[in-house]
Structures are given as C-alpha cells and as structure tokens.
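Read through the structure below, which is laid out as structure tokens, and then see the notes.
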Amino acid sequence: MQIFEHVASLQKFLDSCRKDSQKITLVPTMGGLHDGHARLIDRAKELSDVVVVSIYVNPTQFSANEDFETYPKTLAQDKAFIKSKRIDALFIPLNSEIYPEGMSSDYDVGKLGQILCGISRPSHFNGVAQVVNRLLDIVKPNYSVFGQKDYQQLLIIKSLVKSKDLDIIVESVPTIREDDGLAMSTRNKYLSEDERVNASLFYRQLVKAKKAIEAGVAIELTRQQALSSLSDLFEVEYVEVLDANNLTQIKTNTEEIIIISAIRLGETRLIDNILFRSSNV
Ligand code: AMP
C-alpha cells in the first residue's frame, strides 16, 4: 500500500495505473474507520483493479458549533486497518492540497440539501459536495463508493455527478450494523455506556415503523407513532417516511420507501434510515 499526502504524487501513481488500463475506485472517508467503511472497501475491490481510500476530516462540512475539533482521529489504527484490507493507495491530504485557494463552502446543492439534516446543518451538504467534487476531480475514478447510512448525502453526490456530467459511477452499499442493530458510526464513540445501550432502540423503532407500513398502517399515522415512540427515548430532530428515490412525499408510483431520522442522545447526534420496497401503500 502506498500512502500519499500530495495530489501530484497520487496523480502520477494513478496515471501509471490508467496506462495499464486499470479501473480505479475512490472511497472517501473521514477516518475513524470501522466495519461500515470496510464494506465500502470490499465493494470497491469488487468493482475495480485499483482502490484509493481517502481520509480527510473536511472542515467545510462542520459548522462552528459542531465537532470538527473533537472528531475522532485514529490515523495509526486506520493505517493498519487499510493495510489489512490490502488496498493500493491511501490518500491523506493536507488542507492546502484540497483547498489550495482557501476554504469557502459556497457550493449550491439546491433543495435536496435544505431538507432533513440540511435544516439543522444548513451548510453541511455544501461542504460535503465541495470536498467530494474536489476528491473526484483529483482522483478521476471510474467508480466511487458511498454508504446508504448517509442517504441524503448519497443522493446529493449522485445529483452532483449527474449535473456535472462526470463519467463516474456512484455505487452504494447497505448500512452495516452492530449486533444490536445500531448503525456503525465513528461518532458512536461519543456515547456513554448507558447511552450506547439506549442507542440500539433507535433502529428498533425504525424497524417497527417499517413493519407497521408493511401491515397496512397509514404512512402519516406510522410517522406520528414513530415520532412519539422515539421522543420518549431521545430528542428527535426529524423522522420522515418518504419516497427513497428523491426524498419527497410518497406517491402511488413510489417504488421504494425510506424511513429516515436524526436524533440526539445527550451530546451525540445519530442518523439512521431503513429502506424497503413499497407494496401496501
Ligand atoms: P464517514 O467516514 O463517516 O464520512 O463515512 C465515509 C463513508 O462511509 C460514507 O460514504 C458513509 O456513508 C459510509 N459509512 C459510514 N458508516 C457506515 C455504515 N455503518 N455502513 C455503511 N457505510 C457507512
């Protein structure tokens, strides 16, 4: 495995791969790697000859009151983890390589970035789109892999790639969970022991809502019941039942439903979702 901190040396390596007709996949991460990230890497290995994993905690996607400074940094473990996955290149860029002209986040992701998580984190998706756009521009991969756990982010990245007409296939992988159902996340490290036990109830409530919809309970009633049950346990930011295709209200032609939610447990903000085919709506 080669480790790159500079764009020029990474691009030199990738150019030589392309000359050998090798296909390249980029897996962007913020480090604090866990088995969710491993699943992305495994998918990347299935898709192409060369896998580039980036680790970069992107300042422009955090607002002033968020956890940029305290975001878990576990570079030594991450390097060992990546090495064990036998990938080709690890890109750990300096800020000056990602943002050579300074760190503005005035990138317009449109309506999709203003709903759900975009309400409490108004500049978040602009920052995400900005860094992903820059990473895609540096690596120029054939594929890039993202997790369905960050579903709104996934749709925004798909829309970015489409609107810029980039010749890149965006792949997604399902959410990897702990044994009790909690979606794996770097931020789970913030949870106290008691909070960690309670956190498993988040996904369980989403599963319950999915079962209600599959049993024919009306969408809005299910949403309200989920909101009420989740509010007994957590501070709920939102819980919505939407068309997974575009995060709009469910229509008669909706094919896939998403129940998507963000909650707070003490100081920790958790997001999760559950995706399923529409049958009884
Ligand atoms: P992060 O390092 O948290 O920014 O995440 C990097 C990538 O890993 C994103 O595409 C996430 O959606 C994905 N990811 C994070 N957690 C999981 C998980 N539990 N299962 C699947 N993918 C995940």
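Worth saying up front: this structure is predicted, and the values here are computed from it rather than measured. Atoms within a ligand are numbered from 1 in the order they appear, just like the ligands themselves.
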Ligand 1 and Val145, any nitrogen or oxygen pair closer than 3.5 angstrom?
-> no

Report the nearest protein non-hydrogen atom to atom 4 (O) of ligand 1: residue, atom name, distance rounded to 0.1 Å.
-> Met30 CG, 3.5 Å

Does the cation-pi check pass for Lys73 over Phe68, that is, NZ or CZ under 6.0 Å from the six-membered ring centre and within 45° of its axis?
-> yes

Pair Asn273, Tyr203: side-chain N/O donor-acceptor within cut-off below 3.5 Å = no

Which of the numbered atoms in ligand 1 are below 4.0 angstrom from a heavy atom of Thr29?
-> 2 (O), 6 (C)

Close N or O approach (His37, ligand 1; < 3.5 Å) = yes

For ligand 1, which atoms sit closer than 4.0 Å to a heavy atom of Lys149?
-> 16 (N), 17 (C), 19 (N)

Do the rings of Phe62 and Tyr71 sit parallel, tilted or perpendicular, given the 30° and 60° boundaries?
-> perpendicular

Subset of ligand 1 atoms that lie under 4.0 Å from at least one heavy atom of Met184 | 16 (N), 17 (C), 18 (C), 19 (N)

Can a non-hydrogen atom of Gln148 be found less than 4.0 Å from any atom of ligand 1?
-> no

Looking only at N/O atoms, are Ile176 and ligand 1 under 3.5 Å apart anywhere?
-> yes

Numbered in order shown, the ligand 1 atoms found under 4.0 Å of a heavy atom of Pro28 are 6 (C), 7 (C)

Could you list the atoms of ligand 1 found under 4.0 angstrom from a heavy atom of Phe146?
-> 10 (O)

Could you list the atoms of ligand 1 found under 4.0 angstrom from a heavy atom of Leu40?
-> 7 (C), 8 (O), 10 (O), 13 (C), 22 (N)

Minimum non-hydrogen distance to atom 14 (N) of ligand 1, winning option of Leu154, Asp150, Leu182, Val128 | Asp150

Look at the side chain of Ser261 and the backbone N and O of Tyr238, then say whether any donor-acceptor pair between them is shorter than 3.5 Å.
-> yes

May I ask you to identify the nearest protein heavy atom to atom 10 (O) of ligand 1, giving residue, atom name and distance to one decimal place in Å?
-> Gly147 N, 2.9 Å

Please name all residues satisfying side-chain hydrogen bond (donor to acceptor under 3.5 Å, both in side chains) with Asp243, sequence neighbours left out, ordered by chain then number.
-> Thr254

Measure the distances from the heavy atoms of Pro174 to every atom of ligand 1 and state whether one is below 4.0 angstrom.
-> yes

From Ile3 CD1 over to Lys83 NZ, what is the distance, rounded to the nearest 0.5 angstrom?
-> 8.0 Å

Who passes side-chain hydrogen bond (donor to acceptor under 3.5 Å, both in side chains) against Ser16, sequence neighbours left out?
-> none

Verify side-chain contact (heavy atoms from CB on, under 4.5 Å) between Arg121 and Arg269, making sure each step is shown before the conclusion.
-> CA-CA 11 Å; Arg121 308 186 77 193; Arg269 183 175 183 277; 3.8 Å; yes

Correct closest heavy-atom pair for Pro59 and Tyr99 would be CD-CE1, 4.5 Å

